[in-house]
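One structure is given here, and the rest of the page talks about it.
Lettering of chains follows the sequences in order, A, B, ..., and the numbering in each one begins at 1.
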There are 2 protein chains.
Amino acid sequence: MKPKISDVAKLAGVSPTTVSRVLNNRGYISEETRENVQKAMNELNYFPNDVARSLFNKRSNLIGIILPTTSNPFFGELTFHLENISASLGYKVLLCNSLNRIDKEEKYLEMLMRNQVDGIIVGTHNRGILNYHKQNLAVVAIDRNLSETIPVVSSDNYEGGKIAIKLLIEKGCQTIIHINGQKELETPAMLRRNAYEDVMNNNGRTPITYEVPDVFDRQSQQQVISKIFDDYPNVDGVFASNDLFAASFITEAKKRGLDVPGQVKVVGYDGTETTQILLPELTTIQQPIASIAKTAIELLVKEIEGDFSEIPLETRLPVKLIEGTTT
Amino acid sequence: MKPKISDVAKLAGVSPTTVSRVLNNRGYISEETRENVQKAMNELNYFPNDVARSLFNKRSNLIGIILPTTSNPFFGELTFHLENISASLGYKVLLCNSLNRIDKEEKYLEMLMRNQVDGIIVGTHNRGILNYHKQNLAVVAIDRNLSETIPVVSSDNYEGGKIAIKLLIEKGCQTIIHINGQKELETPAMLRRNAYEDVMNNNGRTPITYEVPDVFDRQSQQQVISKIFDDYPNVDGVFASNDLFAASFITEAKKRGLDVPGQVKVVGYDGTETTQILLPELTTIQQPIASIAKTAIELLVKEIEGDFSEIPLETRLPVKLIEGTTT
DNA sequence: CTGAAAGCGCTTACAG
DNA sequence: CTGAAAGCGCTTACAG
């Protein structure tokens, strides 16, 4: 059996209270006692049971992360950073891949509550989370407007969209199409679309957006992309709301014998490490993933610690154009 | 404050014991009482505190996952599947990105123990884990031989390596080079290298392997790849132990004006969804990531539940050659 | 400087 | 069918 505090106490010839004091470095303990206790702990290979501690302290040091799927490179990298930063601040991460499915999100949410997480980072719809937030659970959203009171961290989506479209226009594209996920008003990512539409309109062009119904389904993606070529054989510019869409588009373009960037130019969004390695030629708008993660966790920790003084409701981090050879 | 079992009891006019019975569906309860309790729970929006439950049951239903980083598409996808399968079996996932750093691994391991995880999935070195395993912690390794007693799940690395090299030889490559991580005897992934060496030797060729010191550092990768071209300008075939190496090699080849597959052919390893989308032209050996995850979790759960009857020490899942246009 | 007692929110024998 | 008591492993007033 795992040793517990009373085993250590017995071996060290002190009370459990004293062992706890040594463990937590609290109150006065004589140097001698401390050493005895330490020795006993080593001998028994003891470490404290955090479940018991959490129960007493009403603090789990657990953070829940709900996002669509770590299979996606953007979320995979985001998760890495979120977890690593959490760890550096003494928090542990409970991971939930919801695939954007509402039923899963609800189950995960309840699971996180039951496990007494101190806070949640949300990267999915999750309107249900509102209820919990009201019960003063700390929440920070990434790229989602969940409510008036939940802070959102995101890249500067509007600016990113603007840069992308302006580049395509500058490069002389005539028929510029936008590929995005389904219109959901609550996502700042929609700002990429808004930027596209604004810049197009301002330049006397008609915005044309194609929506991929299930963002994480490859088939769904490919069908939409095929349709674009069928509907607009003369498409010569594409701004995709993520790099995977962009890549799929390029693949299809090549399949149809079109030269990129000769006949059609493409700009993506995200600019993950993985894209940089697998598809370095892609021109894309790079999100500052590490900063997004850092900001989100820092805000969450502030909320957890009850410091609401400096919590901006919106944090927009700067994007960066990475010019490859697809434009 | 969050309602607790005694609040529900009070409201329903019963004892906490009875509420607990309703909660756990244990023992006899009159239909009427059950309904009263349910109503009270709904009214208070009560759900049980799993921390308290874990403490009593000595069962956390928590699984720890230690791997290098979810930023890497192979591990990102693996993590998704591991988590999803765990969730479907009622287990929750505590995520740890160790970046293969021993100090981090040790800290994570201790953290997981303190949190009373029921089992751990390991995808890193982590020799330290042995000690814990002995203290009968359930452990399953993915692509790592950690000890004689820890089950390993992996793709059929040797077979995959063989297929890759045979393909390159068939296609007429003369100077075939292998890129891998640093030689670590404990990884079944080394079997990819062994296969390479065996097939090369059997065909009267001299195997040449280049090692990337820090697998997750892009610079490190690129330097090694540059060196390959400098040392062997006539290289016309490469088997990379993962798709990212393969992609970096292709990028460098193109930069040097070489045609792929005309002048140099490339085969990767992993075949993640992400690679399929971002670099569909890559010929690669695809690992059955979902099956690996499923097998690993199922074995772990068996261990956790004390059913050691059918736990094979080694599970090698079949790979699949995906032929793109880089060969 | 140290310890006995009570309690964190649950569950499970045990008794009725 | 239901409840009072004890205990999971810890911590923190409180007393000494």
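Here the options are B/L99, B/L95, B/T79, the test is side chain to side chain contact (heavy atoms under 4.5 Å, CB included), and the partner is A/F80; only B/L99 passes. Across A/D118, A/N61, A/V117, a single residue satisfies side chain to side chain contact (heavy atoms under 4.5 Å, CB included) together with A/K92, and that is A/N61.
Taking atom CD1 of residue B/I5 and atom P of nucleotide C/dG7, one finds them 18 Å apart after rounding to whole Å. When rounded to the nearest whole Å, the span between CZ of B/R59 and C1' of C/dG9 equals 20 Å. Here the P atom of nucleotide C/dT2 and the NZ atom of A/K10 are 20 Å apart, to the nearest Å. One can place CE of A/M41 at 17 Å from P of D/dG9, the figure rounded to the nearest angstrom. The nearest whole Å value for the distance from the CG atom in A/D50 to the P atom in D/dC10 is 9 Å. For the pair A/M113 CE and C/dG9 P, the interatomic distance rounds to 14 Å; values are reported in whole Å. In this entry the distance linking CG of B/L55 with P of C/dC8 reads 13 Å, nearest Å. Atom CG of B/L23 is separated from atom C1' of C/dG9 by 11 Å (rounded to the nearest Å).
Close to C/dA4, at under 4.0 Å from its OP1 or OP2, lies no side-chain N or O of A/T17. When the side-chain nitrogen and oxygen atoms of A/S15 are compared with OP1 and OP2 of C/dT2, none of them lie within a distance under 4.0 Å. One finds a side-chain N or O of B/K58 lying less than 4.0 angstrom from the OP1 or OP2 phosphate oxygen of D/dG9. A close approach under 4.0 Å does not occur between any side-chain nitrogen or oxygen of A/Y28 and OP1 or OP2 of C/dG3. Phosphate proximity of C/dT12 to B/R26: present, with a side-chain N or O under 4.0 Å from OP1 or OP2. Put simply, A/N24 has a side-chain N or O that comes within less than 4.0 Å of OP1 or OP2 on D/dT11. Distances shown here put a side-chain N or O of B/R53 below 4.0 Å from the OP1 or OP2 atom of C/dT11. Residue B/S54 places none of its side-chain N or O atoms closer than 4.0 Å to OP1 or OP2 of D/dC8.
Backbone-only contact: B/V14 has heavy atoms under 4.0 Å from sugar-phosphate atoms and none from a base. Looking at heavy-atom distances under 4.0 Å, B/S30 makes contact with sugar-phosphate atoms alone, never a base. Here B/S6 lies out of heavy-atom contact (under 4.0 Å) with every strand.
Distances were taken from every side-chain heavy atom of B/F56 (C-beta onward) to each of D/dG9, D/dC8, D/dT12; the shortest belongs to D/dC8. Closest to the side chain of A/T18, from the set D/dT11, C/dC8, C/dG3, is C/dG3. For B/K4, the listed nucleotide lying nearest its side chain is C/dG9; candidates were D/dG9, C/dG7, C/dG9.
Between A/K39 and A/E35 there is no salt bridge, since none of the side-chain N atoms of the basic residue sits less than 4.0 Å from a carboxylate O of the acidic one. One finds a salt bridge joining B/R34 and B/E31 here, because a Lys/Arg side-chain nitrogen approaches an Asp/Glu carboxylate oxygen to under 4.0 Å. Residues B/E298 and B/K302 are not paired through a salt bridge, judged by the lack of any N-O separation under 4.0 Å between the basic side chain and the carboxylate. A salt bridge links A/D50 and A/R53; the closest N-O separation between the charged side-chain nitrogens and carboxylate oxygens is under 4.0 Å.
Toward the 5′ end of DNA chain D lies the nearest nucleotide of B/I29, the other residue of the pair A/R21 and B/I29 mapping further downstream. Mapped onto DNA chain D by nearest heavy atom, A/K2 and B/G13 fall at different nucleotides, with B/G13 at the one closer to the 5' end.
Under the Watson-Crick or G-U wobble criterion, with both distances below 3.5 Å, D/dT2 is paired with C/dA15.
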